[in-house]
Amino acid sequence: MIVRPGCAIFLAATMPELPEVETVVRGLRASLPGRTILDVRLGKSDFVDDPSALGDCLPGTRISDVTRLGKFICIVLESLEKSLGPESISAPRLNLIIHLGMTGQLTVRPASDPVAPHTHCFFALDDGRELRYTDIRRFGRMLIVPESRMAEFLGHLGKEPLQIGPDEFCRDLGSRRARIKALLLDQRVLRGIGNIYADESLFRSRIHPAQIAENLGKKQLLALRRAVREILTAAIRLRGSSISDYVDANGKRGEFQQRHRVYQRTGKSCFRCRGKIRRVIVAGRSSHFCPRCQPAPRSREK
DNA sequence: CTTACGGCCTGGGTGC
DNA sequence: TGCACCCAGGCCGTAA
């Protein structure tokens with residue numbers, strides 16, 4: 001892929017989870033703040049909570065920051081309307097919140113660039129570039145949340161996996177009777193972990209995905225928290241996992257897929273014990289694990 | 001209240 | 001060559 005100057009590309013192809021979204025956000029944060037949105041154009045809009053609000057509210061706002069909330073991208077927008085009084089009445093701040101779903105991509109490129117198929121949303125910027133949203137399957141989501149309602153929005157989300165402390169982690173997960181894999185995937189418990197990093201974290205901490213969280217010992221819970229932190233940190237450093245054609249701002253693929261120990265390695269041998277990696281359905285999701293390194297629950301409990 | 005599960009959304013890839 | 005089917009993550013409704 002050829003990447004021309006001024007043609008910044010931040011996209012995540014298959015299954016963007018916390019590390020992929022973080023990589024995209026870092027790219028956007030280096031490129032978007034300071035830019036003003038001039039215009040919004042929409043193609044298919046069934047993934048937008050309130051399509052007409054995009055055109056009504058966004059043109060004329062200035063991007064001040066780009067942050068990540070779990071798997072959500074948050075583009076912070078300041079109104080440019082001049083304050084009426086000498087002391088600026090707090091300008092209404094809006095947050096453009098984007099979830100990439102499974103196939104969502106955000107790109108920033110010259111408006112004259114060819115448009116990729118399945119591009120459904122165009123934000124024209126004041127420097128001749130466009131922020132574009134492309135999503136083959138439209139499992140993504142886009143919504144505007146005023147600053148006054150951000151607390152409510154965040155109320156639906158759990159804690160950041162890289163910020164939660166050991167005591168909180170043990171309390172929030174260890175008190176639950178659900179299977180641990182289901183809890184790791186539950187965005188109301190922890191925000192940002194998806195199937196890849198749940199499986200990799202469970203393998204690293206040697207916990208079977210179907211283990212009941214409540215039955216885990218404190219040492220196991222602490223090991224799991226550490227594994228989650230180490231896996232996510234390493235994945236961010238390697239700019240995420242590229243399953244197909246994910247590339248970062250410099251056109252580079254993520255590299256963490258080369259570190260996968262169990263995810264999509266069904267039938268292959270475990271790097272740790274040479275046993276065969278298995279795949280089972282837990283919490284309705286494919287779960288990859290090593291039966292020898294991650295002993296099944298209550299198979300041999302007292 | 002908590003947990004489990006099935007179905008729905010969509011379309012690329014797969015296998016027949 | 002065509003085409004039925006599988007699967008992915010989040011969400012919702014329903015059941016236990």
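Chain naming here is simple, since letters A, B, ... match the order of the sequence lines and numbering starts at 1 in each.
- When each of dG10(C), dT2(B), dA4(B) is scored by its nearest atom to the side-chain atoms of Gln187(A), the top-ranked nucleotide is dG10(C).
- Judged by closest nucleotide on DNA chain B, Arg177(A) is the one of Arg177(A) and Phe139(A) placed further toward the 5' end.
- Atom C1' of nucleotide dT3(B) and atom CG of Leu173(A) are separated by 15 Å, given to the nearest angstrom.
- With DNA chain B read from its 5' end, the first of the two nearest nucleotides for Gly284(A) and Lys44(A) is the one closest to Gly284(A).
- Per the geometry, CD1 belonging to Ile196(A) stands 17 Å off P belonging to dC7(C), to the nearest Å.
- If you take OH of Tyr263(A) and C1' of dA8(C), they are 8 Å apart, rounded to a whole angstrom.
- For His99(A) and dC11(C), the shortest distance from a side-chain N or O to OP1 or OP2 is not below 4.0 Å.
- There is no side-chain donor-acceptor pair under 3.5 Å between Thr107(A) and Arg132(A).
- A donor-acceptor pair shorter than 3.5 Å cannot be found between the side chains of Asp135(A) and Gln105(A).
- Residue contacts for Arg191(A): at a heavy-atom cut-off of 4.0 Å it reaches no nucleic acid atom on any strand shown.
- Nearest nucleotide to the side chain of Arg141(A), out of dG12(B), dC11(C), dT2(B): dC11(C).
- When the P atom of dG9(C) is taken as reference, atom CG of Asp135(A) falls 14 Å away, rounded to whole Å.
- Here Ser286(A) reaches the OP1 or OP2 of dA8(C): one of its side-chain N or O atoms lies under 4.0 Å away.
- Summarising the geometry, atom SG belonging to Cys270(A) is positioned 14.0 Å from atom CZ belonging to Arg278(A); distances are rounded to the nearest 0.5 Å.
- Across the protein-nucleic acid pair, Arg285(A) atom CZ and dG6(B) atom C1' stand 11 Å apart, rounded to whole Å.
- At whole-Å resolution of the value, CD in Glu17(A) and P in dA8(C) are 13 Å apart.
- Under the 30°/60° scheme for interplanar angles, the aromatic rings of Phe72(A) and Phe153(A) are found to stand perpendicular.
- With 3.5 Å as the limit, one finds no donor-acceptor pair spanning the side chains of Thr103(A) and Arg138(A).
- Among dG9(C), dC11(C), dT10(B), the nucleotide with an atom closest to any side-chain atom of Arg137(A) is dT10(B).
- Remark: P of dT10(B) and CG of Asp46(A) are 6 Å apart, rounded to the nearest angstrom.
- Atom CZ of Arg138(A) and atom C1' of dC8(B) are 14 Å apart (whole Å).
- An OP1 or OP2 oxygen of dA4(B) is reached within less than 4.0 angstrom by a side-chain nitrogen or oxygen of Arg179(A).
- Between dA8(C), dA4(B), dG12(B), one nucleotide has an atom nearer to the side chain of Arg279(A) than all others, and that is dA8(C).
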